[in-house]
Amino acid sequence: MLENLKQAVYEANMALPRHGLVTFTWGNVSAVDRESGYFVIKPSGVPYDRLKPEDMVVMDLNMNRIEGDLNPSSDTATHCELYRAFGGIGGIVHTHSPWATSWAQAGRAIPCYGTTHADYIYGQVPCVRSLTKEELKDYEANTGKVIAAHFRSLDESAVPCVLCQNHGPFAWGKDAEEAVRNAVVLEEVARMAAWTEMLNPRVSEAPKDLQDKHYFRKHGANAYYGQQERKM
C-alpha cells in the first residue's frame, strides 16, 4: 500500500541526518495521500542507519494504523492534527535541530533580519505557546491543535514552519521533499538570526518593503525568480 509514498517518506527521513538536522532518532518526516486519506510516517525510535522503506507506517487521519508492524512516531498525532487543519500541505518534518530548537526553548519568534529569511518565509517564524497542564494529558495531539489555532491568522503556505515553545520546530510543504527543504531553511535562518543578534544586540528587522520584494519575487502570481516556463 502506498509504496511510492513510503519510498518518498523514507528518502525524506534519510535526508535529515545528511543535513545535520537530527541527532540519534530526534526527528521524523511524514507525507499524506489526500485521495486515500492516509499518511505515511517514520516508525518510532528506529535508528536512521537501520531504517528501510518497508518500515514506514501507514495511518489514517483518525489515528488508526492501517499498515505496518512497527509503532509510528511518537509525534504522529501532531502530524495528524496538522494534516487535518492545513488541507494544502502534503508533507511535515519535525526535528530538534539545535538552532531552531534554541529559539523555541527561549520562547522567541525568529525575526526577519534579511533577504535570506524573506526569500522563503513571509515575516517572522512564530513561536507558539507552551501547553497547559491539562493539555499535556494529550500532548502530541494538543501540540498540533495549538499550532493550528495560532495559524488562524496566518497563511501556512507563506509561513511554512513554526516553533513550539520548550519543544522544537515543525516545517511543512507540498510534499515530504519540500518539507525537508523548509526545515533546512528554518535551521539556517535560526542560526543566522542568532549570530546577527550576537553581533548587534540592537538590530532591527529588515524593512517591510524589502521583505515583500524578496518574498514576492519568488512566490505568487508575479514571481519572476528562476526559469519561467516559456509559451510556444
Side-chain angles (χ1 to χ4, degrees), residues 12 15 19 21 29 31-32 82-83 85-95 97-129 144-165 167-231:
H19 289 294
L21 296 181
V29 184
V32 67
L82 294 179
Y83 285 131
F86 303 150
I89 68 172
I92 297 169
V93 173
H94 172 54
T95 75
S97 56
W99 288 97
T101 300
S102 296
W103 285 87
Q105 291 181 170
R108 289 191 57 192
I110 304 175
C112 180
Y113 288 134
T115 61
T116 308
H117 180 138
D119 278 340
Y120 294 95
I121 303 161
Y122 191 58
Q124 294 186 339
V125 177
C127 183
V128 302
R129 65 171 175 83
K145 290 175 181 177
V146 167
I147 294 170
H150 188 90
F151 271 76
R152 286 174 188 155
S153 60
L154 294 173
D155 178 355
E156 69 274 5
S157 64
V159 185
C161 49
V162 68
L163 306 176
C164 295
Q165 188 169 354
H167 186 184
F170 285 83
W172 47 80
K174 66 183 179 183
D175 52 27
E177 182 180 11
E178 184 175 87
V180 170
R181 187 198 69 176
N182 288 332
V184 173
V185 169
L186 172 58
E187 181 67 359
E188 290 302 306
V189 163
R191 174 162 46 184
M192 286 187 285
W195 282 345
T196 298
E197 292 193 358
M198 291 177 200
L199 290 165
N200 181 4
R202 296 181 296 278
V203 64
S204 298
E205 288 196 75
K208 181 67 163 52
D209 288 345
L210 180 65
Q211 293 187 42
D212 286 353
K213 177 65 178 180
H214 271 262
Y215 183 80
F216 290 111
R217 72 176 188 156
K218 279 193 170 186
H219 307 272
N222 297 316
Y224 61 87
Y225 177 88
Q227 300 304 310
Q228 307 301 313
E229 184 177 347
R230 295 182 179 180
K231 294 181 180 181

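Only heavy atoms go into these numbers, but all of them, side chains included; no hydrogens, no water, no symmetry mates. As the structure is a prediction and not an experimental result, all values here were calculated from the model.
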side-chain contact (heavy atoms from CB on, under 4.5 Å) evaluation trace for Arg108 with Cys127: CA-CA 6 Å; Arg108 289 191 57 192; Cys127 183; 5.8 Å; no
Let me see the working for Glu188 and His19 under side-chain contact (heavy atoms from CB on, under 4.5 Å), right down to the final yes or no. CA-CA 11 Å; Glu188 290 302 306; His19 289 294; over 6 Å; no
Heavy-atom pair of closest approach, residues [X] and [Y]:
{"X": "Ala193", "Y": "Trp103", "result": "CB-CZ2, 3.6 Å"}
{"X": "Ala100", "Y": "Leu186", "result": "CB-CG, 4.1 Å"}
{"X": "Ile110", "Y": "Ala190", "result": "CD1-CB, 3.7 Å"}
{"X": "Gln124", "Y": "Ala109", "result": "OE1-CB, 3.5 Å"}
{"X": "Thr101", "Y": "Pro169", "result": "OG1-CD, 3.5 Å"}
{"X": "Gly123", "Y": "His117", "result": "O-NE2, 2.6 Å"}

Could you state the interatomic distance from CG (Leu82) to CD1 (Ile92), rounded to the nearest 0.5 Å? 4.5 Å
Enter the distance from Tyr224:OH to Arg217:CZ here, rounded to the nearest 0.5 Å. 5.5 Å
Backbone N or O of Ala31 within a donor-acceptor pair of the Tyr83 side chain at under 3.5 Å? yes
Determine yes or no for a side-chain-to-main-chain donor-acceptor pair under 3.5 angstrom, with Glu178 supplying the side chain and Gly91 the backbone. no
Using 30° and 60° as the class limits, which term best fits the ring planes of Tyr215 and His219: parallel, tilted or perpendicular? parallel
Below 30° counts as parallel, above 60° as perpendicular, anything between as tilted: where do the rings of Phe86 and Trp172 land? tilted
Does [X] reach the side chain of [Y], with side-chain heavy atoms less than 4.5 Å apart?
{"X": "Val185", "Y": "Asp119", "answer": "no"}
{"X": "Asn182", "Y": "Val93", "answer": "no"}
{"X": "Glu197", "Y": "Pro111", "answer": "yes"}
{"X": "Pro126", "Y": "Phe151", "answer": "yes"}
{"X": "Arg181", "Y": "Val184", "answer": "no"}
{"X": "Met192", "Y": "Thr116", "answer": "yes"}
{"X": "Cys164", "Y": "Val146", "answer": "no"}
{"X": "Trp195", "Y": "Trp99", "answer": "yes"}

Can you run down the side chain to side chain donor-acceptor pair (under 3.5 Å) pairs that involve residues 145-157, sequence neighbours left out, and say none if there aren't any? Asp155-Ser157
Inspect the surroundings of CG in Asn222 and state if more than 12 heavy atoms from other residues, nucleotides or ligands are less than 6.0 Å away. no
Are more than 12 heavy atoms from other residues, nucleotides or ligands located less than 6.0 Å from atom CD of Glu205? yes
Is Asp209 salt-bridged to Lys213, going by a charged N under 4.0 Å from an acidic O? no
